[in-house]
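To start, the structure under review is shown below, and the notes come after it.
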Amino acid sequence: MLNDYLNLQFDVKGKTFKGFCMKIQDDFHLTYAVILEDCHSFCIWLDDKTAQWYSSKFTNLDQSVLDQIIDKLGVQEEVGSLSY
């Protein structure tokens, strides 16, 4: 599992995504700030009660991109589907 910081680079549907994510302090959820080149920044978090991932309200990325980020974090085994 990611400690505090992870560089990201992956391809989805022929487009390369580069950036990083960083664990941020949150007393209620496992939360990461995500910054991708040529995109806005956003947060994703795992709700312990529902075991479901959520992303910031205005995250405007294809679901497969968000799934790749979660996979890179190494916590996929704890994950339900991602909600907005």
Side-chain angles (χ1 to χ4, degrees):
M1 185 179 293
L2 173 70
N3 289 329
D4 291 320
Y5 182 88
L6 177 69
N7 284 313
L8 297 171
Q9 183 170 343
F10 55 90
D11 295 324
V12 173
K13 298 180 182 177
K15 182 175 179 180
T16 300
F17 291 86
K18 295 179 184 179
F20 67 93
C21 61
M22 182 173 50
K23 187 174 181 180
I24 58 178
Q25 179 62 39
D26 184 338
D27 293 333
F28 304 104
H29 306 289
L30 179 60
T31 305
Y32 297 94
V34 180
I35 294 87
L36 297 176
E37 292 179 5
D38 301 326
C39 294
H40 62 282
S41 61
F42 57 94
C43 289
I44 58 174
W45 63 92
L46 179 62
D47 183 336
D48 291 334
K49 291 180 183 177
T50 63
Q52 188 167 1
W53 281 96
Y54 293 88
S55 66
S56 304
K57 184 176 181 178
F58 296 107
T59 304
N60 190 21
L61 291 171
D62 186 273
Q63 179 64 45
S64 56
V65 173
L66 295 170
D67 290 341
Q68 281 286 329
I69 294 167
I70 292 166
D71 286 344
K72 299 287 184 190
L73 291 173
V75 290
Q76 184 63 39
E77 62 276 358
E78 302 174 26
V79 175
S81 61
L82 182 72
S83 297
Y84 297 97

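- Residues in residues 8-21 take part in these salt bridge (Lys or Arg N to Asp or Glu O under 4.0 Å) pairs, two or more places apart or across chains: Lys13-Asp62.
- When side chains are defined from C-beta on, Phe42 counts as touching Leu61, because their heavy atoms get closer than 4.5 Å.
- Residues satisfying the side chain to side chain donor-acceptor pair (under 3.5 Å) test with Thr31, not counting sequence neighbours, are Asp26.
- Rounding to the nearest 0.5 angstrom, the gap separating the CD1 atom in Ile24 from the NE2 atom in His29 is 11.0 Å.
- The salt bridge (charged side-chain N to carboxylate O under 4.0 Å, His left out) search around Lys49 returns none, not counting sequence neighbours.
- With values rounded to the nearest 0.5 angstrom, Thr59 atom OG1 is found 9.0 Å from Ile69 atom CD1.
- Follow the hydrophobic side-chain contacts under 4.5 Å out from Ile35 and you reach Met22 in the same cluster.
- Within the model, atoms CH2 of Trp45 and CH2 of Trp53 stand 10.5 Å from one another, a figure rounded to the nearest 0.5 Å.
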Next item on the list: Could you please spell out the steps behind the side chain to side chain contact (heavy atoms under 4.5 Å, CB included) verdict for Leu8 and Phe17?
Entry: CA-CA 7 Å; Leu8 297 171; Phe17 291 86; over 6 Å; no
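- Residues Leu66 and Val34 are not in side-chain contact: their nearest non-hydrogen atoms beyond the backbone lie 4.5 Å or more apart.
- Of all heavy-atom pairs spanning Ala33 and Cys43, the tightest one is CA-SG, 4.2 Å.
- For the residue pair Gln9 / Asn7, no side-chain donor-acceptor distance below 3.5 Å is found, with atom types taken as modelled.
- Considering CZ of Phe10 and CD of Gln68, their distance stands at 6.0 Å, rounded to 0.5 Å.
- In this structure, Tyr32 OH and Leu46 CG are separated by 8.5 Å, a value rounded to the nearest 0.5 Å.
- The shortest distance between side-chain heavy atoms of Phe20 and Leu6 does not fall below 4.5 Å.
- Rounded to the nearest 0.5 Å, atoms NZ (Lys23) and CG (Leu73) are 10.5 Å apart.
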